[in-house]
Amino acid sequence: MLVSNGPDSVLVRRMRDAGVRVTPQRIAIYSALIGTDAHPTAKSLYEHLSPGVPSLSLATVYNTLRTLVVHGLVHELGDAGDGCAHYDADLTPHVHLICTCCHQVRDFFGVSIGGVAAAVAEESGYRLQGARLAYIGICPQCSEPTARRPVV
């Protein structure tokens with residue numbers, strides 16, 4: 001299983017192959033990112049993981065996320081209208097849908113952007129490491145007339 005944290009797990013090998021020093025905190029953070037499609041923030045990861053990883057600090061989460069991004073294991077998506085960076089461990093080219101009302105980020109796989117990435121790589125000569133495409137709007141739940149809007 002990918003999220004296993006044993007010394008021979010795919011997750012640990014991936015980290016080592018990327019040149020990332022493996023620590024229990026880093027494994028927990030990377031595992032949590034791989035195990036979700038919620039596009040969490042550093043703070044939400046910390047709140048989720050800290051009860052089970054008492055040695056974890058918010059600074060460690062921020063530093064680990066920066067390290068994972070620099071080494072190409074995670075994408076930083078930027079903010080979703082909430083002023084917080086969101087993260088995604090799914091490196092396959094796909095579309096993100098960002099709701100400016102509830103600040104949720106959702107994956108959308110209904111269209112393929114892989115062909116666009118291939119054309120860009122071929123025509124530009126770049127060795128692409130990933131692609132990000134985000135559409136920003138209001139999700140169906142927040143569009144409901146009875147939807148509760150977050151207080152800003």
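Just so it is clear, the values below take in all heavy atoms, side chains as well, and ignore hydrogens, waters and symmetry mates.
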Task: Candidate list Val61, Val53, Thr60, test side-chain contact (heavy atoms from CB on, under 4.5 Å), partner Tyr46, passing option - done: Val61
Task: Among Leu45, Leu65, Leu49, side-chain contact (heavy atoms from CB on, under 4.5 Å) partner for Pro40 - done: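 With Pro40 as partner, side-chain contact (heavy atoms from CB on, under 4.5 Å) holds for just one option, Leu45.
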[atom1] of [X] to [atom2] of [Y]: how many Å apart, nearest 0.5 Å?
{"X": "Arg14", "Y": "Leu68", "atom1": "CZ", "atom2": "CG", "value": "11.5 Å"}
{"X": "Cys99", "Y": "Ile136", "atom1": "SG", "atom2": "CD1", "value": "11.0 Å"}
{"X": "Phe109", "Y": "Asp107", "atom1": "CZ", "atom2": "CG", "value": "4.0 Å"}
{"X": "His75", "Y": "Leu77", "atom1": "NE2", "atom2": "CG", "value": "8.5 Å"}

- [ ] Only counting residues at least two apart or in another chain, list the ones meeting side chain to side chain contact (heavy atoms under 4.5 Å, CB included) with Ala80.
- [x]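 Ala80 satisfies side chain to side chain contact (heavy atoms under 4.5 Å, CB included) with Asp82, His86, Ile98, His103, Val105 only.
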TODO: For Glu76, check side chain to side chain contact (heavy atoms under 4.5 Å, CB included) against everything at least two apart and list the hits.
DONE: Val69, Ala85, Tyr87
- [ ] Kindly give the heavy-atom pair with the smallest separation between Leu91 and Asp88, and that separation in Å.
- [x] CD2-O, 4.4 Å
Task: Closest contact, heavy atoms only, Ile138 versus Cys101 - done: CG2-CB, 4.4 Å
Open item on the list: Is any side-chain heavy atom of Ile34 closer than 4.5 Å to one of Asp90?
Closed with: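 Result no, sub-4.5 Å side-chain heavy-atom pair not found.
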- [ ] Compare all side-chain heavy atoms of Gln104 with those of Cys139 and state whether any distance is below 4.5 angstrom.
- [x] no
Task: Partners passing ring-ring contact (aromatic ring centres under 6.0 Å, His included) against His96 (at least two apart in sequence or in another chain) - done: His39, His94
Open item on the list: Donor-acceptor pair, distance only, cut-off 3.5 Å: does the side chain of Thr36 make one with the backbone of Ala32?
Closed with: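 It does not hold such a pair.
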Open item on the list: Main chain of Thr41, side chain of Ser44: is a donor-acceptor contact present, judged purely on distance under 3.5 Å?
Closed with: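 Yes; at least one donor-acceptor contact below 3.5 Å.
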Open item on the list: Could you list the cluster mates of Leu97? Members are the ILVMFWY residues connected by side-chain heavy atoms closer than 4.5 Å, either directly or through other members.
Closed with: Val95, Phe108, Val111, Ile113, Leu133, Tyr135
Would you tabulate the side-chain donor-acceptor contacts of residues 19-26 under 3.5 Å, counting partners in other chains and residues two or more places apart, or write 'none'?
| unit_1 | atom_1 | unit_2 | atom_2 | d |
| --- | --- | --- | --- | --- |
| Thr23 | OG1 | Arg26 | N | 3.1 |
| Gln25 | NE2 | Ser55 | OG | 2.9 |
| Arg26 | NH1 | Arg21 | O | 2.9 |

Open item on the list: With clusters defined by side-chain heavy atoms of hydrophobic residues (ILVMFWY) lying less than 4.5 Å apart, directly or transitively, does Leu58 cluster with Val74?
Closed with: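 Shared cluster, yes.
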When the side chains of residues 114-123 are checked against the rest of the protein, which donor-acceptor pairs come out under 3.5 Å, sequence neighbours left out?
none

Open item on the list: Side chains of Thr64 and Thr67 only: does a donor on one sit below 3.5 Å from an acceptor on the other?
Closed with: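 There is no such pair between these side chains.
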